[in-house]
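Accompanying notes for the structure given below.
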Amino acid sequence: MNNYKPIGNGFFEQPTLTLARNLLGCLLVKEMDEGIASGFIVETEAYCGPLDKAAHSFNNRRTKRTEVMFAEAGNVYTYLMHTHCLVNVVSGAVDTPEAVLIRAVEPYEGIDLMFERRGDTTMKNLTSGPGKLTKALGINMTDYGRRFDEPPIYIASGFTPNDISIGPRIGIPNSEEAKDYPWRFWVTGNAYVSR
DNA sequence: CAAGCGATCCTCT
DNA sequence: GAGGATCGCTTGA
C-alpha cells in the first residue's frame, strides 16, 4: 500500500520563497498504525525568520518552541496554536530560522481515516485549513524535529499545478508592514484552499 | 501567574 | 455565508 517515494533532501535546499511555491502540488504523507493518510499541498505561506515580524523567530528569537527553525532545511516544525497543531517545513541554512507553513491540502489517500479523526464534517472542510489538515492527517507534536524524508512523515512528488496565485498572508494583523508581504501561495481555483 | 493570540466551530440569517 | 464564542498553550513579568 505504500508506494510513495520521499522526495530527496536536496529539494528543501532552495530559497524559502521558492520552496513555498514548489511545495504546491507535492504530496504530504503521514503513516500511523491506523493507516496512511496523505494529501496534496495546495496552500503555503513563507516565514522568513529574522526580518519577518510575523514569524516566531523574528529578530532571531530563539526559544524552546522555535529551536527547530534554526536547524537544517527539511525538518518538521510543528507548533501548538492554542487548540490546534500547525505544521511547517523548515528551510534556509542552519541558524537561519525560516520555514514554510502548510495551510491546506487536498485529501488523497486515507479519506475514511480523515473523517474518523475530524468527526462529522463535509469533504470541503476536511483539510481546508492549517489546523484541520494536521488533525485529519494525524500530525501532532510527536512529529516535532523529525525530518520530511522518511516515514512516518514525509513529502513525495505529486502533481504540477496549472496555475499558482500569490497574495498576502493570513491571520497576522499585528505584524505591521510584514502583514502585506506577498508570501502566501496557493493553487489557483483549488477547492481546498482555506479561503 | 495573567494575558494574548488565531483557527475552528456554532448559530443565525 | 458571516460573525462571534471558545479553546489552551506560550511568553514575559
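Proteins get letters first, then strands, A, B, ... in listed order; numbering begins at 1 in each.
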Is it the case that A:Y192 and A:T127 place a side-chain donor and acceptor less than 3.5 Å from each other? no
Tell me whether the side-chain N/O atoms of A:S194 come closer than 4.0 Å to OP1 or OP2 in B:dA7. no
Return the value, rounded to whole Å, for the distance between atom CG of A:D120 and atom C1' of B:dC9. 12 Å
Distance, rounded to the nearest Å, where A:H84 contributes NE2 and B:dC9 contributes C1': 8 Å
Rounding to an integer number of Å, can you tell me how far A:L101 CG sits from B:dG6 C1'? 12 Å
Is there a side-chain contact between A:R65 and the phosphate of C:dT11, meaning an N or O under 4.0 Å from OP1 or OP2? yes
Would you kindly give the NE2-to-C1' distance between A:H56 and B:dC5, to the nearest whole Å? 9 Å
Return the nearest nucleotide to the side chain of A:L80; candidates are B:dA7, C:dC7, C:dT10. C:dT10
Return the value, rounded to whole Å, for the distance between atom CG of A:N88 and atom P of B:dG6. 15 Å
Taking B:dA7, C:dT10, B:dT8 as options, the one with an atom nearest any side-chain atom of A:K132 is B:dT8
Side-chain donor-acceptor distances from residues 18-27 of chain A under 3.5 Å, at least two apart:
| unit_1 | atom_1 | unit_2 | atom_2 | d |
| --- | --- | --- | --- | --- |
| A:N22 | ND2 | A:Q14 | OE1 | 2.8 |

Round to the nearest Å and state the distance from A:K179 atom NZ to B:dG6 atom C1'. 17 Å
Classify A:T63 by what it touches in the nucleic acid, base, sugar-phosphate, or nothing, heavy-atom distance under 4.0 Å. sugar-phosphate
For a salt bridge (Lys or Arg N to Asp or Glu O under 4.0 Å) check, start with the C-alpha distance between A:D112 and A:R117, then their side-chain angles and the critical distance, and finish with the verdict. CA-CA 9 Å; A:D112 290 345; A:R117 289 171 175 154; over 6 Å; no
Closest to the 5' end of DNA chain C, once A:T83 and A:T66 are matched to their nearest nucleotides, is A:T83
Below 3.5 Å between N/O atoms, which protein atoms pair up with nucleotides 11-13 of chain B? Just atom names and distances, please.
none

Run through A:M69, A:E67, A:H56 and flag the one making a side chain to side chain contact (heavy atoms under 4.5 Å, CB included) with A:R62. A:E67
Quick test of your reading: applying side-chain hydrogen bond (donor to acceptor under 3.5 Å, both in side chains), list the pairs with at least one residue in residues 161-173 of chain A, sequence neighbours left out, ordered by first then second residue. A:D52-A:R169, A:S165-A:T188
A:N9-A:R147 side chain donor-acceptor pair, cut-off 3.5 Å: yes
Would you say a side-chain N or O of A:R195 is under 4.0 Å from OP1 or OP2 of B:dA7? no
When we call it a touch if two heavy atoms are under 4.0 Å apart, what does A:R61 touch: a base, just sugar-phosphate, or nothing? sugar-phosphate
Taking NZ from A:K64 and P from C:dT10, how many angstroms apart are they, rounded to a whole number? 8 Å
On DNA chain B, nearest-nucleotide positions of A:G171 versus A:N125: which is more 5'? A:G171
Please determine whether side chain to side chain donor-acceptor pair (under 3.5 Å) holds for the pair A:E106 and A:Y108, giving the CA-CA distance in whole Å, both sets of side-chain angles, and the decisive distance to 0.1 Å. CA-CA 6 Å; A:E106 174 178 334; A:Y108 179 58; over 6 Å; no
Spacing between A:R169 atom CZ and B:dG6 atom P, to the nearest angstrom: 13 Å
